[in-house]
Amino acid sequence: GRWSRDCGCHIGGGAGWTQRWREPLREALNILRDNLAVHFEREMEKVARDPWAVRDAYIDVMLDPDRARRFAHDQMKKSAAGDASNDKLVRFFSLLEMQRAALLMFTSCGWFFDDVSGGESIILMKYAARALELAKATGATNDGETAFLDMLAKAESNVPDARGEKVTGRDLFFERARSVAVTTDKVVVSHALRALSEGTRRSSQLYAYHVTHHEEVHLKKGAVPCLVGAVTVEDSRTFERADTVYALAHFGGLDFRCSTKPLASGAEGASIAHALVEKIRAAAVQGSTTAMMR
């Protein structure tokens, strides 16, 4: 009952609190799981011999990430051109990561405590948000999100918002799960802050992301110190790569402003990045903070 209904188990909570939110939370995740399974099976069949066997065998990569490329080589269907392209590799691992998130969103502690707004239930919603993100990245057009959110709206919290109004699981999903998703921009900003405080490194690891910098310029002559650079970010789970240029202005203390811009890979992107760096350098040398920020 603890995983699915208001069975009476609780560890605290206020007078009159219930756990009626458990059933719709569980059902919402069931709906999402089933829709994601259809998408996974259809898409993974295009690149692997046995989608569900591959899903189960993926635990080997979880235990030893260095095996990832060999695992993909062994599991993926071979094309006339030989080994899979990088796009197919990204798609392969994105589908597997989607399934991993779909399993993790059933982590048992999400139901054990007193309210759907607790950190444990929010973790389940974060996994659901990640699964949906990867479903869309792999071309899902019907991932069950609408039905998932409609059911989640029936999971009512015992804790009202600041205005005393009802809060639902749907509200919590948007406010505390999807809104905190890690993006390439956030990774680049974190890299820039580390470079400013700890010094430049050719490459660095930020949790699941590997960041390689190609150009980095410290502009210290103007009124506002600025750090400008171009980096490649690679997700070590899916092998997705993104080239980005960034500019970080430091106004003192903990006051920062960082902007990022995605770039095309190759010579064209490098040329654009270099031009942007030079524009910011010229503005900084002239002492024009307005021009530099623009």
Working to the nearest 0.5 Å, report the span between [atom1] of [X] and [atom2] of [Y].
{"X": "L193", "Y": "H250", "atom1": "CG", "atom2": "NE2", "result": "9.0 Å"}
{"X": "R281", "Y": "L219", "atom1": "CZ", "atom2": "CG", "result": "6.0 Å"}
{"X": "L103", "Y": "R55", "atom1": "CG", "atom2": "CZ", "result": "5.0 Å"}
{"X": "R70", "Y": "D60", "atom1": "CZ", "atom2": "CG", "result": "14.0 Å"}
{"X": "Q99", "Y": "S94", "atom1": "CD", "atom2": "OG", "result": "13.0 Å"}
{"X": "M62", "Y": "R67", "atom1": "CE", "atom2": "CZ", "result": "11.5 Å"}

- Task: With sequence neighbours left out, write down each residue that passes side-chain hydrogen bond (donor to acceptor under 3.5 Å, both in side chains) with K136, or none if nothing qualifies.
- Result: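 So K136 forms a side-chain hydrogen bond (donor to acceptor under 3.5 Å, both in side chains) with D143, E145.
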- Please name all residues satisfying side-chain hydrogen bond (donor to acceptor under 3.5 Å, both in side chains) with Q205, sequence neighbours left out, ordered by chain then number. H210
Output yes when a side-chain donor or acceptor of [X] lies under 3.5 Å from a complementary backbone atom of [Y], and no otherwise.
{"X": "S271", "Y": "E268", "result": "no"}
{"X": "S121", "Y": "G110", "result": "yes"}
{"X": "N158", "Y": "T18", "result": "yes"}
{"X": "R69", "Y": "L89", "result": "no"}
{"X": "H213", "Y": "E215", "result": "no"}
{"X": "T107", "Y": "C109", "result": "no"}

Is there side-chain contact between [X] and [Y], with at least one heavy-atom pair below 4.5 Å?
{"X": "E45", "Y": "F40", "value": "no"}
{"X": "L152", "Y": "W21", "value": "no"}
{"X": "M105", "Y": "R33", "value": "yes"}
{"X": "V211", "Y": "V188", "value": "no"}
{"X": "R257", "Y": "S259", "value": "yes"}
{"X": "L132", "Y": "R130", "value": "no"}
{"X": "D114", "Y": "I11", "value": "yes"}
{"X": "C226", "Y": "I280", "value": "yes"}

Any donor-acceptor pair under 3.5 Å linking the side-chain atoms of [Y] with those of [X]?
{"X": "H214", "Y": "T232", "answer": "yes"}
{"X": "T183", "Y": "D185", "answer": "no"}
{"X": "E240", "Y": "Y209", "answer": "no"}
{"X": "Q75", "Y": "Y58", "answer": "no"}
{"X": "R194", "Y": "H191", "answer": "no"}

- Query: Angle class for the F93/F239 ring planes (parallel below 30°, perpendicular above 60°, tilted otherwise)?
  - Reply: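 If you compare the ring of F93 with that of F239, the planes turn out tilted.
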- Task: Determine, using the 4.5 Å side-chain heavy-atom cutoff (strictly less than), whether L29 and M125 are members of one ILVMFWY cluster.
- Result: yes
List in chain and number order the residues that pass salt bridge (Lys or Arg N to Asp or Glu O under 4.0 Å) with [X], two or more places apart in sequence or in another chain; answer none if no residue qualifies.
{"X": "D171", "answer": "none"}
{"X": "K154", "answer": "none"}
{"X": "D34", "answer": "none"}

- Residues at least two apart in sequence or cross-chain that pass ring-ring contact (aromatic ring centres under 6.0 Å, His included) with F92, listed by chain then number, are none
Atom of [X], atom of [Y] and distance for their closest heavy-atom approach:
{"X": "G144", "Y": "I31", "value": "O-CG2, 4.3 Å"}
{"X": "L227", "Y": "A195", "value": "CD2-CB, 3.8 Å"}
{"X": "A177", "Y": "A129", "value": "C-CB, 4.5 Å"}

- Intermediate values then yes/no, side chain to side chain contact (heavy atoms under 4.5 Å, CB included), V228 and Y246: CA-CA 6 Å; V228 188; Y246 67 85; 5.9 Å; no
- Query: For K186, does the NZ atom have more than 12 heavy-atom neighbours from other residues, nucleotides or ligands under 6.0 Å away?
  - Reply: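 Correct, the count exceeds 12.
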- Message: Tell me if the CZ atom of R241 is crowded by more than 12 foreign heavy atoms within 6.0 Å.
- Response: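 It does not: R241 CZ has 12 such atoms or fewer within range.
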- Query: Do D115 and R20 meet the salt-bridge criterion of a basic N to acidic O distance under 4.0 Å?
  - Reply: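 Between D115 and R20 there is no salt bridge, as every charged N stays at least 4.0 Å from the carboxylate O atoms.
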- Message: Closer than 4.0 angstrom, basic N to acidic O: yes or no for R26 and E23?
- Response: no
- Message: I want to know whether F148 and F173 have ring centres closer than 6.0 Å.
- Response: yes
- Message: Does R22 qualify as a cation-pi partner of W3, given the criterion of NZ or CZ under 6.0 Å from the six-membered ring centre and within 45 degrees of its axis?
- Response: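 Geometry flag: not set, cation outside 6.0 Å or 45°.
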- Option from E43, R91, H39 for which side-chain hydrogen bond (donor to acceptor under 3.5 Å, both in side chains) with T138 holds: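 Only one of E43, R91, H39 forms a side-chain hydrogen bond (donor to acceptor under 3.5 Å, both in side chains) with T138, namely H39.
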